K.L.:
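I am attaching a structure below and will ask some questions about it afterwards.
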Amino acid sequence: MFALIDCNNFYASCERVFQPDLNGKPLVILSNNDGCVIARSNEAKSLGIPMGAPAFKYKEIFQKNKVQIFSSNFTLYGDMSNRVMAIISKHVPDVEIYSIDEAFIKLNGFSENEANKKCKDIIKTVLKWTGISVSVGLASTKSLAKVANRIAKKNSDKTNGFYSINDNKKRIEALSNISTRDIWGIGFQNEKKLSRINIKNGIDFINLPDKWVKKNMSIIGLKLKKELEGTPTLEIEGGKVDKKSIATTRSFESEISSLDDLIERITTFSMVASKKLRRQNSECNMICVFIRSNPFKQNSERYHFSLTGSLPFSTSSSIEISKFAVNLLKKIYSKNRLYKKAGIILMGLSPQSNHQFSLFDKDLEKQKKLMKSIDNIDDKYGLYKVRLASQDQKRIWKMKRQKLSRNYTTEIDEVLIVS
DNA sequence: TCTGGGGTCCTAGGGCGA
DNA sequence: TCTGTCGCCCTAGGACCC
């Protein structure tokens, strides 16, 4: 049996834990730069505010309904997530942390009653210890556990946050009542394809021939079909898994066109990305750089230039990576154009311990020591205190985060004081 | 004025060596 | 030595997820 544990309206719940007066009020969390709505409380959902809504377009609705607005505080959400996952891991050994607010668990060797009890215990303990409410769906496969979780959440007044698809009748009923778009793994494009042949819900989908599904939705679609039929094709992926690529990308506060400005951004992104790389003790041998226009601008040309290059050696040095990235940037840069977003993606990741030595390694030890010193200074005085000459020394560009809450759990100066 | 960021996996198609 | 075929590898792009 698999269970999916999902935190309810996670980001909104994190804010409410420390500001309980927000309970019952509509609440939204905005993306970086306060751009889009990325999380909503139930009250905000019922006002018709969709996921991904551009904040500026909903200003009136926010004002009219006194919607509480927060900038995303990933330090807080990340810390609360760690606490929730630690509690789940105490209850069961087989845990897969699927995202910041979701975890799959495997309940092998448990009787049905024991599995049900375990799920209910988790709901109770997480709420008691963290203040975050979670929903749990239990079923024979991961995809069906997702469906069960959805039922648990949608009907929380009846389910108390727990639902189990434990027989065929319940499985058929659940699949009849879920539209294809709401099934995990069926996205916008696949829904369009299915809709064209009049496939509307989960039952319609599993009644399709395997051959059609494989041809039109690839092996992933076929695996999903088997899962919904009750045959597991996806396993728990436990343990700490190293990332296979690391990206740092940002939209700019306004369009920029000069090469010097772009070099400054790409250098800074390289510093951030290579730090992430060193944190997981990896190095990379491929770098992709991209720059693009504003896709939302009416009546103007859209462009997206990107280039991937292979390094002659593997490295985690900020200096090597930024030097290489800037060279790639120079190759794709074109004058007299306006750019709204840029980014760098590090690929070909391998553990530092497996380093393949090459002719270019004469400075390796020197670079390693330098990076270690930079990381030490950052640890002591705050992130990214050491900068390369091509970076903006004053850092005049900054993410817009006008409605940021406090770091209640990670900064001693910001903890709540109870008087 | 103002529309996020960071991942994974799969497939098609081209290059290239056996 | 030339040519055809097969399969592997790489890359770009698209789809999905949160």
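Given the structure is predicted, the values throughout are model-derived calculations rather than measurements.
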K.L.:
Among all residues two or more places apart in sequence or in another chain, which pass the salt bridge (charged side-chain N to carboxylate O under 4.0 Å, His left out) test with Lys106(A)?
P.N.:
Glu235(A)
K.L.:
Is there a side-chain contact between Lys341(A) and the phosphate of dG5(B), meaning an N or O under 4.0 Å from OP1 or OP2?
P.N.:
yes
K.L.:
Of the residues in residues 37-57 of chain A, which ones touch DNA chain C at a heavy-atom distance under 4.0 Å?
P.N.:
none
K.L.:
So which of residues 214-231 of chain A are in contact with DNA chain C, with a heavy-atom cut-off of under 4.0 Å?
P.N.:
none
K.L.:
Between the protein and nucleotides 11-14 of chain C, which nitrogen or oxygen pairs come in under 3.5 angstrom?
P.N.:
{"from": "dA12(C)", "atom 1": "OP2", "to": "Thr308(A)", "atom 2": "OG1", "distance (Å)": "3.4"}

K.L.:
Establish, with yes or no, whether the OP1 or OP2 oxygen of dG4(B) is under 4.0 angstrom from a side-chain nitrogen or oxygen of Ser72(A).
P.N.:
no
K.L.:
It should be established whether Lys340(A) places a side-chain nitrogen or oxygen under 4.0 Å from OP1 or OP2 of nucleotide dG4(B).
P.N.:
no
K.L.:
Answer yes if the side chains of Thr268(A) and Glu264(A) hold a donor-acceptor pair under 3.5 Å, and no otherwise.
P.N.:
yes
K.L.:
With heavy atoms under 4.0 Å as the rule, sort Asn190(A) into base, sugar-phosphate or nothing.
P.N.:
sugar-phosphate
K.L.:
Give every residue pair that meets the salt bridge (Lys or Arg N to Asp or Glu O under 4.0 Å) criterion with at least one member in residues 301-316 of chain A, sequence neighbours excluded.
P.N.:
Glu301(A)-Arg337(A)
K.L.:
Roughly how far apart, to the nearest Å, are dG4(B) and dC17(C) at atom C1'?
P.N.:
15 Å
K.L.:
Scan residues 276-302 of chain A for pairs that pass ring-ring contact (aromatic ring centres under 6.0 Å, His included), counting only residues two or more places apart or in two chains.
P.N.:
Phe290(A)-His304(A)
